[in-house]
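Read the structure below first, then the notes.
Source: prediction; values computed, not measured.
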Amino acid sequence: MRGELPDSPWDAVYLGNVVHLFGPEHAAAIVARAGAAIAPGGVLAIQEVVLGLATVAARFGVPMLLGTEAGEAYADDDYRGWMADAGCALEQIVEVQQDRHHLMLGRRR
């Protein structure tokens, strides 16, 4: 997740259950790199266990703190800010798995 992405621009980039593995600085950098690889009008899709939206998120954050260098469950406001900074403002949140996974969608300006 910290390496180079294939040649771009892409119509869509999907980050599925990976952002939580990293501390906030690396998480923001991953979202920024993904956003930069998207063509204008393209979609950034991030699926995660989101603090404040998923009832299991607080418990999910505990093993992230124990099992990763700096990972944690992040709030929708964190993703909202990272996506906006990446030029793909959050437009929609879809519950994928009840009380667990949410898909956050943003479109590249």
Give the minimum heavy-atom separation between [X] and [Y], together with the two atoms involved.
X	Y	result
Ala34	Val13	CB-CG1, 3.7 Å
Phe60	Ala73	CD2-CB, 4.1 Å
Phe22	Tyr74	O-OH, 2.5 Å

Would you say that more than 12 heavy atoms from the other residues, nucleotides or ligands in this model lie under 6.0 Å from the CG of Asp11, or not?
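It does not: Asp11 CG has 12 such atoms or fewer within range.
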Show your working on side-chain contact (heavy atoms from CB on, under 4.5 Å) between Ile46 and Val31 and close with a plain yes or no.
CA-CA 9 Å; Ile46 303 174; Val31 174; 3.9 Å; yes
Please check this pair: side chain of Glu25 against backbone of Ala29, looking for a donor-acceptor N/O pair closer than 3.5 Å.
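Flag not set: sc Glu25 to bb Ala29 has no pair under 3.5 Å.
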So, the side chain of Arg108 versus the backbone of Gly35: is there a donor-acceptor pair under 3.5 Å, distance only?
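Answer holds: yes.
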In Å and rounded to the nearest 0.5 Å, what is the [atom1] to [atom2] distance from [X] to [Y]?
X	Y	atom1	atom2	answer
Arg80	Asp85	CZ	CG	13.0 Å
Leu44	Tyr14	CG	OH	11.5 Å
His102	Gln92	NE2	CD	12.0 Å
Asp76	Leu53	CG	CG	4.5 Å
His26	Glu69	NE2	CD	7.5 Å
Met83	Asp78	CE	CG	12.5 Å

Following the transitive rule for hydrophobic clusters with a side-chain heavy-atom cut-off under 4.5 Å over Ile, Leu, Val, Met, Phe, Trp and Tyr, establish whether [X] and [Y] coincide in one cluster.
X	Y	result
Val18	Val49	yes
Val43	Leu90	no
Val50	Leu105	no

Any residue meeting side chain to side chain contact (heavy atoms under 4.5 Å, CB included) with Leu51, in chain and number order, not counting sequence neighbours
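Expected list: Ala57, Ala58, Ala75.
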Restricting to side-chain hydrogen bond (donor to acceptor under 3.5 Å, both in side chains), what partner residues turn up for His20, sequence neighbours left out?
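Expected list: Glu48.
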